2 protein chains.
Amino acid sequence: MDATLAALADPTRRKVIDLLREGPRPAGELAQAVQMSAPALSRHLRVLRAGGLVRAEAGGADARLRLYTLRQEPFAALQAWLDQVQAFWAEQLGSFKDHVERRQ
Amino acid sequence: MDATLAALADPTRRKVIDLLREGPRPAGELAQAVQMSAPALSRHLRVLRAGGLVRAEAGGADARLRLYTLRQEPFAALQAWLDQVQAFWAEQLGSFKDHVERRQ
DNA sequence: CACATCGTTAACGTCGTTGTTAATCTTTGC
DNA sequence: GCAAAGATTAACAACGACGTTAACGATGTG
């Protein structure tokens, strides 16, 4: 949970996540997409790997390429925590909820 | 979105969120709960406020107290983004999904 | 009014993170 | 074998985040 949110805190890493939503991509292609040097992005990918958000698999044809793919678990865990937090409002159905909505 | 995840990246701030799930609390009570000096927590609360995750309302009885409460919007926005990311797996119902599941 | 209490801001030192260039390793192609 | 390409690690400088103590403003209490 800590590693997950720390990884997602960086805009570059979130952009990588968004790029990987469209399918697995090699590291170099990601670096080009975020306008950043390969070493810089490599460390971002390291953070994402450490948090378990992505996984690197060997590219079939060219063994030099490392194809990165999204992993499911951390996102599911984060969503579970979010559901717990949002229960705060679900449980408040009476005057307090009205109060909150008025204030917003 | 950026301010939201940056705010949630810190463990102390997440603990504050979890404490506020049980109801509004004054700043001092929160500082004591996380074992931290009042100024340190005050800056954490500032970050949470800037991200719109919490809101401070004047305590009715004692005007010195600032009661902090959770706000809904950022959590809803984060959940919407998470849903988009998780669509990555929902859309993969064929052999690729099997491949991913096998790998995990 | 004098004094304590709650909360925030200011100033300071410290540690972690981010990006760049240079060097390393593996794999590919001639 | 040798040079080029993909990716990572190493070393470095720069910037920001975090916590502490000290100082400040605002509100309650005698």
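Throughout, protein chains are lettered first and strands after them, A, B, ... in sequence-line order, and every chain is numbered starting at 1. Fair warning: this is a prediction, and the values are worked out from it, not measured in the lab.
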Give me the distances for all protein-to-nucleotides 12-15 of chain C N/O pairs that come in under 3.5 Å?
none

Could you list, one pair per line, each protein nitrogen or oxygen that sits under 3.5 Å from a nitrogen or oxygen of nucleotides 28-30 of chain C, together with the distance?
{"unit_1": "C:dT28", "atom_1": "OP1", "unit_2": "A:Ala63", "atom_2": "N", "d": "3.1"}

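Inter-residue side-chain proximity for A:Leu78 and A:Met1 is flagged as met; some heavy-atom pair is nearer than 4.5 Å. A heavy-atom distance below 4.5 Å is not found between the side chains of B:Val47 and B:Leu53. With contacts defined as side-chain heavy-atom distances shorter than 4.5 Å, the pair B:Phe75/A:Phe88 does not qualify. Side-chain contact between B:Ile17 and A:Trp81 is present, with at least one heavy-atom pair separated by less than 4.5 Å. Using a 4.5 Å heavy-atom threshold, the side chains of B:Val54 and B:Leu70 count as touching. Within the 4.5 Å cutoff, side-chain heavy atoms of B:Leu20 are placed close to those of B:Leu30.
Note on residues 3-16 of chain A: pairs passing salt bridge (charged side-chain N to carboxylate O under 4.0 Å, His left out), not counting sequence neighbours, are A:Arg14-B:Asp2.
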Quiz prompt | From CA spacing to verdict: side chain to side chain contact (heavy atoms under 4.5 Å, CB included), B:Val16, B:Leu41 | solution = CA-CA 9 Å; B:Val16 169; B:Leu41 189 78; 3.9 Å; yes

Practice problem: With side chain to side chain contact (heavy atoms under 4.5 Å, CB included) as the test, would you mind laying out the steps for B:Leu48 and B:Tyr68 before giving the verdict? | Solution: CA-CA 10 Å; B:Leu48 289 170; B:Tyr68 278 88; over 6 Å; no

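Taken residue by residue, residues 30-42 of chain B places heavy atoms nearer than 4.0 Å to DNA chain C at B:Ala38, B:Pro39, B:Ser42. Interface residues of residues 9-16 of chain A facing DNA chain D, ordered by number: none; criterion, heavy-atom separation under 4.0 Å.
When all heavy atoms of B:Thr12 and B:Met36 are compared, the pair lying nearest together is OG1-CE, 3.6 Å. In terms of heavy atoms, A:Ala3 sits closest to A:Gly51 at CB-CA, 3.9 Å. Closest approach of A:Ala9 and B:Ala9 over heavy atoms only: CB-CB, 3.7 Å.
Look at OH on A:Tyr68: it is 9 Å from P on D:dA7, rounded to the nearest Å. We find that CG of B:Leu65 is positioned 13 Å from C1' of D:dA26, with the value rounded to whole Å. Taking atom CG of B:Leu45 as the reference point, atom P of D:dC18 lies 13 Å away to the nearest angstrom.
Here the CD atom belonging to B:Gln32 is positioned 7.5 Å from the CD atom belonging to B:Glu29, to the nearest 0.5 angstrom. Atom CG of A:Leu67 and atom CD of A:Glu57 lie 5.5 Å apart (nearest 0.5 Å).
In this model, the phosphate group of D:dG19 is approached by a side-chain N or O of B:His44 to a distance below 4.0 Å at OP1 or OP2. Side-chain nitrogen and oxygen atoms of A:Arg46 include at least one within less than 4.0 Å of the OP1 or OP2 phosphate oxygen of D:dT9.
Listed for the A:Arg49 side chain is no donor-acceptor partner under 3.5 Å among the backbone atoms of A:Ala56.
Rounded to 10 degrees, the angle separating the terminal helix axes of the helix from C:dC1-D:dG30 to C:dC30-D:dG1, each built from five base pairs, is 20°.
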